2 protein chains.
Amino acid sequence: MSSRRTIRSTEPMALYGRGRVSAQRAAIAKAAEAMSGAFVAEELHRAVTSVEPGIGLATVYRAISAMQSAGTLVTVGERDGCALLAICVRGDHHHHLVCTECGAVVGIDCPIDETTMRAAAREGHLVTSHQIVLYGLCARCRARTENT
Amino acid sequence: MSSRRTIRSTEPMALYGRGRVSAQRAAIAKAAEAMSGAFVAEELHRAVTSVEPGIGLATVYRAISAMQSAGTLVTVGERDGCALLAICVRGDHHHHLVCTECGAVVGIDCPIDETTMRAAAREGHLVTSHQIVLYGLCARCRARTENT
DNA sequence: ATGAAAGTGAGATTGATTCTCACTTTGGGA
DNA sequence: TCCCAAAGTGAGAATCAATCTCACTTTCAT
């Protein structure tokens, strides 16, 4: 009785790491990869349903959760109380610069160096993890903004 | 008909920067300063009402908002989906190390240096702001944990 | 002393995210 | 190829931190 129809499944299940291949997840992963820069759950849902109508918001949230567990989707901040997400396949330890103009996300090498660790250690503290987000302008927006 | 009673107002309105002196705000500021380390809105509310019953949760949220605007209260992360807060009166630019053991918050010098800014600039990007939170063990908890 | 503005309490509301549940799809065996 | 237990899904309900509304109270410049 459901109006749910079978959608052809595609291959980029890679973003999930594990789990079954469902047409919905494939469509969601594809849409996530197609997003330009950072996005919010609701935006991803809109993007997916514009291509494959009928995919529920809960399914999108579940897919987001799965990709986050797999480490291929990360939270890069927040916007209006919503988690700001971005696909991230870079393997090494790094952080992200979110363009405040267009939402683009670019990887940035971790600025936490020996100096910081040692300064903390000097006070007796031990840094075990950290969370860093940079905001600014991506190269494209910077070039567009600056009138040399 | 209200059971609200007059509470003596204290002086530490300093955390608000501006605004009128109300007994409630004074009590909230006092409780916030008395908290050991980072806390959540609900915890601050409990702390305040344990001393001055009758103060509403909305009032606590309003006070939090006011202190954040004044820059004396900052968000240092989140815990179980709730904003993790901490009093911060240090004037210079810095960040915080939140002890994952006891919740203590200690100021840490900003690790974003010329190197990072230049690395971003090399790619054409411009970093305008950033957000950093360090997690680890404060000196006290580190000492307690390590059995030399 | 006064009154307009700021602040407050209680409860309703909002809105992102999660959960429930009955149903559908997947995929490793038999 | 068929089976079926487990995984996945859609719709809508439920959560719950945070905000808003509104009638009432307090503050403080005048």
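Model, not experiment: these values are computed from the prediction. No hydrogens, no waters, no symmetry mates; every other heavy atom, side chains included, goes into these values.
- When distances run from any side-chain atom of B:Ala58 to the nucleotides C:dG27, C:dG11, C:dT8, the shortest one goes to C:dG11.
- Screening B:Leu97, B:Val106, B:Val76 for a side-chain contact (heavy atoms from CB on, under 4.5 Å) with B:Leu134, the sole residue that qualifies is B:Leu97.
- For A:Gly136 against B:Thr128, the heavy-atom pair with the smallest separation is CA-OG1, 3.3 Å.
- Between A:Arg79 atom CZ and C:dT17 atom C1' there is a gap of 17 Å when expressed in whole angstrom units.
- Annotation: of the two residues near DNA chain D, A:Val60 and B:Glu42, the 5′-most nearest-nucleotide partner is A:Val60.
- Between A:Tyr16 atom OH and C:dT26 atom P the separation is 14 Å, expressed in whole Å.
- Side chains of B:Arg62 and B:Thr59: a donor on one and an acceptor on the other come within 3.5 Å.
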Trace of the salt bridge (Lys or Arg N to Asp or Glu O under 4.0 Å) decision for A:Glu43 with A:Arg79: CA-CA 12 Å; A:Glu43 293 170 346; A:Arg79 196 175 65 203; 2.3 Å; yes
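- Nucleotide C:dT17 holds its P atom 11 Å from the CD atom of A:Glu43, rounded to whole Å.
- In the set D:dT9, D:dC28, C:dG9, the nucleotide with an atom closest to the side chain of A:Arg62 is D:dT9.
- Remark: C1' of D:dA17 and CZ of B:Phe39 are 16 Å apart, rounded to the nearest angstrom.
- Looking at A:Leu84, A:Val98, A:Thr75, A:Val105 one by one, the single match for side-chain contact (heavy atoms from CB on, under 4.5 Å) with A:Val133 turns out to be A:Val98.
- Per the geometry, CD1 belonging to A:Ile64 stands 16 Å off P belonging to D:dG8, to the nearest Å.
- D:dA18 atom P lies 10 Å from atom CD of A:Glu78, rounded to whole Å.
- Distance, A:Ile55 CD1 to D:dA11 P: 11 Å, rounded to whole Å.
- Between its two ends, the helix from C:dA1-D:dT30 to C:dA30-D:dT1 turns its axis by 30°, counting five pairs per end and rounding to 10 degrees.
- The side chain of B:Tyr61 places an N or O atom within less than 4.0 Å of a non-bridging phosphate oxygen (OP1 or OP2) of D:dA18.
- Regarding contacts with the backbone of C:dT24, every side-chain N or O of A:Gln24 stays at 4.0 angstrom or more from both OP1 and OP2.
- Checking C:dT20, C:dA16, D:dA18 against every side-chain atom of A:Cys82, the shortest atom distance belongs to C:dA16.
- In terms of phosphate contacts, B:Arg25 brings a side-chain nitrogen or oxygen within less than 4.0 Å of OP1 or OP2 of C:dG7.
- Using bins of under 30°, 30° to 60° and over 60° for the plane-to-plane angle, the ring pair A:His130/A:His93 lands in the perpendicular bin.
- Take the nearest nucleotide of DNA chain D for B:Arg20 and for B:Leu57: the residue whose nucleotide is more 5' is B:Leu57.
- Contact detail for B:Ala70 and B:Gly17: the closest heavy-atom pair is CB-N, 4.2 Å.
- Rounded to whole angstrom, the span from the NE2 atom of A:His45 across to the C1' atom of D:dT9 amounts to 12 Å.
- An OP1 or OP2 oxygen of D:dT9 is reached within less than 4.0 angstrom by a side-chain nitrogen or oxygen of A:Ser22.
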